[in-house]
Amino acid sequence: MASAGSRSSPATATAAEGEMARQAGDGTTGQAGAASQAEVAEATTSDGVEKRFAESRQRRLRRLLRQCERVTLMDFNTLALSGWPDNFSLSMARRRRDTWLLGASVAALVFLSGMTGFVPAWFAGGGFGAFVVILLLGFPPIRRLYSSRPSYLDLLMQRQQLLRDARKHVAHLEGDLGLIWQCNELSEFNTTLSAPRFSTLRHLSEQRRLSASLNQREHIRLYLIFLLEAEKAYERMQSAYFEGHRQAIDKGWQSVAETATDTIVDKDTGTVAGETTGDQGKAS
């Protein structure tokens, strides 16, 4: 009996050691599995945060694309005031006008002097005739017969007409909501738009008083400079938007990809056409 017990003791010890080893192996496998699940959960959470951020950014860029699409409708020639009479032409026209007024005044003075008896009657009559001729030469229909140069009044009216056309175009671009104020967020893609010299334009655009406040050539030019910089920012934002759409497709983020737009900019007319794919899917 003693010998049988001694023989079974090593076998029992071996079995116990095997069970302990198996349990240790199962524990190690369980720890590895738990660690793997934690890594997967962490990766899933990180991917979800990145996906939500991308979706939010795409939605914001799409909103800005819609708000600022009027930037592409800018008429450069109208806002640049093409054909604006320069100061030299205005000065020469003013000099011709002053010469005409001086001649008419001298002739009128001679005529009036003759009526008071200071000069002979024939001399006063000559003064009256000269006054009438000089006066007629100043009327536009007659002046165009001997000179093609515009008068001082014509140049002033031309300037005013150019300013009126520019203000009408600004009113069209601004619309009811204010283009510059809506495109303030474009400074993310072009820091020049946040310059202090544009602060007055942004303030007036927010108050819907911009077009009526542009009364000088310098104001129109400042507005034109802002739109040129905004157009650059719009193109960069559009590129960033489509790049985000491409990355969403590569990563298989369908909800992000659905925010993509089929917008096509006609480079000849500058108009924006097309609707948003995601919105079309919702509408259908």
- [ ] Answer yes or no: is there a side-chain heavy-atom contact under 4.5 Å between L65 and Y234?
- [x] yes
TODO: Can you measure from CG (L64) to CZ (R59) and round to the nearest 0.5 angstrom?
DONE: 13.0 Å
Task: Side-chain touch L156/L90, heavy atoms, less than 4.5 angstrom - done: yes
TODO: Give me the one residue out of L222, L81, L162 that meets side chain to side chain contact (heavy atoms under 4.5 Å, CB included) with R217.
DONE: L81
Open item on the list: Any non-hydrogen side-chain atom of L163 less than 4.5 Å from a side-chain atom of N215?
Closed with: no
- [ ] List the atom of L186, the atom of A230, and the distance in Å for their closest heavy-atom pair.
- [x] CD1-O, 3.9 Å
Task: Q158 and D154: side chain donor to acceptor below 3.5 Å - done: no
Task: T72 and E231: side chain donor to acceptor below 3.5 Å - done: no
Open item on the list: When you compare the side chains of Q67 and R63, does any donor N or O come within less than 3.5 Å of an acceptor on the partner?
Closed with: yes
Open item on the list: If you compare all heavy atoms of L79 against all heavy atoms of V170, which two are closest, and at what distance to 0.1 Å?
Closed with: CD2-CG2, 3.8 Å
- [ ] Can you measure from CG (L177) to CD (Q182) and round to the nearest 0.5 angstrom?
- [x] 4.5 Å
- [ ] Give the C-alpha distance, both sets of side-chain angles, the deciding distance and a yes or no for salt bridge (Lys or Arg N to Asp or Glu O under 4.0 Å) between R221 and E218.
- [x] CA-CA 5 Å; R221 283 193 167 184; E218 291 74 16; over 6 Å; no
Task: Check: R167 side chain, A212 main-chain N or O, donor-acceptor pair, under 3.5 Å - done: no
Task: Side chain proximity check, R208 to E174, heavy atoms < 4.5 angstrom - done: no
Open item on the list: Contact between L173 and L227 at the side-chain level, heavy atoms closer than 4.5 Å - yes or no?
Closed with: yes
Open item on the list: Please give me the minimum heavy-atom distance between L193 and A233, naming the atom from each residue.
Closed with: CD1-CB, 4.0 Å
TODO: With rounding to the nearest 0.5 Å, note down the distance linking OG in S147 to CZ in R96.
DONE: 6.0 Å
TODO: With rounding to the nearest 0.5 Å, note down the distance linking CD in Q160 to CG in L155.
DONE: 12.0 Å
Open item on the list: Within the 4.5 Å heavy-atom criterion, are T200 and L204 side-chain neighbours or not?
Closed with: yes
TODO: Rounded to the nearest 0.5 Å, what's the gap from OH on Y223 to OG on S213? Could you check?
DONE: 12.0 Å
- [ ] Applying salt bridge (Lys or Arg N to Asp or Glu O under 4.0 Å), run through E185 and R60 and close with a yes or a no.
- [x] CA-CA 10 Å; E185 296 182 55; R60 173 174 170 269; 3.3 Å; yes
TODO: Measure the shortest side-chain to side-chain distance between F76 and L228 over non-hydrogen atoms and say whether it is less than 4.5 angstrom.
DONE: yes
Open item on the list: What verdict does the side-chain contact (heavy atoms from CB on, under 4.5 Å) test give for F198 and I225, after you've listed the backbone C-alpha separation in whole Å, the side-chain angles of each residue and the deciding distance to 0.1 Å?
Closed with: CA-CA 10 Å; F198 298 130; I225 292 173; 4.0 Å; yes
Open item on the list: Is it the case that the side chain of T191 and the backbone of S187 share a donor-acceptor pair, with hydrogens and angles ignored and the cut-off at 3.5 Å?
Closed with: no
Open item on the list: Pair F131, V106 - check side-chain contact (heavy atoms from CB on, under 4.5 Å), show working.
Closed with: CA-CA 8 Å; F131 172 76; V106 170; over 6 Å; no
Open item on the list: Please report the interatomic distance CG(L224) to CD(E229), rounded to the nearest 0.5 Å.
Closed with: 10.0 Å
TODO: Could you pull out all residues at least two apart from F128 that satisfy ring pair (Phe, Tyr, Trp, His ring centres under 6.0 Å)?
DONE: F111
- [ ] Check step by step if side-chain contact (heavy atoms from CB on, under 4.5 Å) holds for L137 and R143.
- [x] CA-CA 6 Å; L137 290 177; R143 187 182 65 249; over 6 Å; no
Open item on the list: Quick check: do L210 and W181 have side-chain heavy atoms less than 4.5 Å from each other?
Closed with: no
Task: Whether R97 side chain and S151 backbone form a donor-acceptor pair below 3.5 Å - done: no
